[in-house]
Amino acid sequence: MTNAVQHGSGAFCAKADANDEQITLTVSNGGQPIPAAALSTIFDPLTRAIPSSNSARASSGIGLGLFICRCIAHAHHGTIGVESNESETVFTVKIPRFSMRTR
Ligand SMILES: Nc1ncnc2c1ncn2[C@@H]1O[C@H](COP(=O)(O)OP(=O)(O)OP(=O)(O)O)[C@@H](O)[C@H]1O
Ligand SMILES: [Mg+2]
């Protein structure tokens, strides 16, 4: 959500949903799309997708936020992905739900 404010523009939207199998979290924002060439490495540490964000505010980060998000998603056996185009940028985290069994 910090990224949506820092790197996006206009309103952003955060949603949480769940079914029996998984929890889905999405954060979407408008603004310039992330360049297609950057999408495959954007979750790597110390990576920034210049020139999608060229304001002083947007360039102040060090490129660790999405890497940490991916670590958290993986620690929960989940995934994180991104889709970005002219209309919106959407990050989606999916985390599987495990049934609670008494031993
Ligand atoms: N919601 C978004 N909209 C547009 N671009 C984004 C968005 N989130 C991330 N980016 C791009 O991906 C890059 C990497 O994001 P990441 O959160 O890993 O690092 P950062 O925000 O630059 O720095 P940090 O999170 O360490 O303060 C950003 O620099 C930005 O270029
Ligand atoms: Mg960030």
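Counting convention: from 1, in listed order, for ligands and their atoms alike. As the structure is a prediction and not an experimental result, all values here were calculated from the model. Values below: all heavy atoms of this structure, side chains included; hydrogens, waters and symmetry mates excluded.
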>> Assigning hydrophobic clusters by single linkage (Ile, Leu, Val, Met, Phe, Trp, Tyr; side-chain heavy-atom cutoff under 4.5 Å), is I72 placed with L64?
In response: yes

> Going only through I, L, V, M, F, W and Y residues with side-chain contacts under 4.5 Å, is there a path from L66 to V90?
Replying inline: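 Per the 4.5 Å side-chain linkage, L66 and V90 are not co-clustered.
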
Check each atom of ligand 1 against the heavy atoms of [X] and keep those under 4.0 Å away; list them by number with element.
X: G65; result: 16 (P), 17 (O), 18 (O), 24 (P), 25 (O), 26 (O)
X: F91; result: 1 (N), 2 (C), 7 (C), 8 (N)
X: I42; result: 11 (C), 12 (O)
X: L64; result: 18 (O), 19 (O), 24 (P), 26 (O)

> Between the candidates V5, T89, N29, which shows the shortest non-hydrogen contact distance to atom 1 (N) of ligand 1?
Replying inline: N29

> Considering V27, T47, I34, which one's heavy-atom position lies nearest to atom 14 (C) of ligand 1?
Replying inline: T47

>> Check contact between G63 and ligand 1, using heavy atoms of the residue and a distance below 4.0 angstrom.
In response: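 Within the 4.0 Å threshold, so yes.
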
How close do [X] and [Y] get, heavy atom to heavy atom, and via which atoms?
X: Q22; Y: K94; value: NE2-CD, 3.7 Å
X: A18; Y: R97; value: CB-NH1, 3.9 Å
X: S9; Y: G31; value: OG-CA, 3.3 Å
X: T47; Y: D44; value: OG1-O, 3.0 Å

> Applying a 4.0 Å heavy-atom criterion (strictly less than), which segment of F43 is in contact with ligand 1: side chain, backbone, both, or neither?
Replying inline: neither

> Tally of protein N/O/S atoms under 2.8 Å from the Mg ion (ligand 2)?
Replying inline: 1

Contacts under 3.5 angstrom, residues 73-86 side chains, donor-acceptor by atom type, not counting sequence neighbours:
residue : atom : partner : partner atom : Å
S84     : OG   : I34     : N            : 2.8
S84     : OG   : T89     : OG1          : 2.7
N85     : OD1  : S87     : N            : 2.9
N85     : OD1  : S87     : OG           : 2.8
N85     : OD1  : E88     : N            : 3.0

Ignoring angles and geometry beyond distance, decide whether [X] reaches within less than 3.5 Å of ligand 1 through its nitrogen or oxygen atoms.
X: G61; answer: no
X: G8; answer: no
X: Q32; answer: no
X: A49; answer: yes

Value rounded to 0.5 Å, distance of [atom1] in [X] from [atom2] in [Y]:
X: M1; Y: S28; atom1: CE; atom2: OG; result: 11.5 Å
X: N29; Y: N3; atom1: CG; atom2: CG; result: 8.5 Å
X: T2; Y: F12; atom1: OG1; atom2: CZ; result: 8.0 Å

> Just wondering, do T24 and K15 contact through their side chains at under 4.5 Å, heavy atoms?
Replying inline: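 In short, these two side chains do not touch, never coming nearer than 4.5 Å.
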
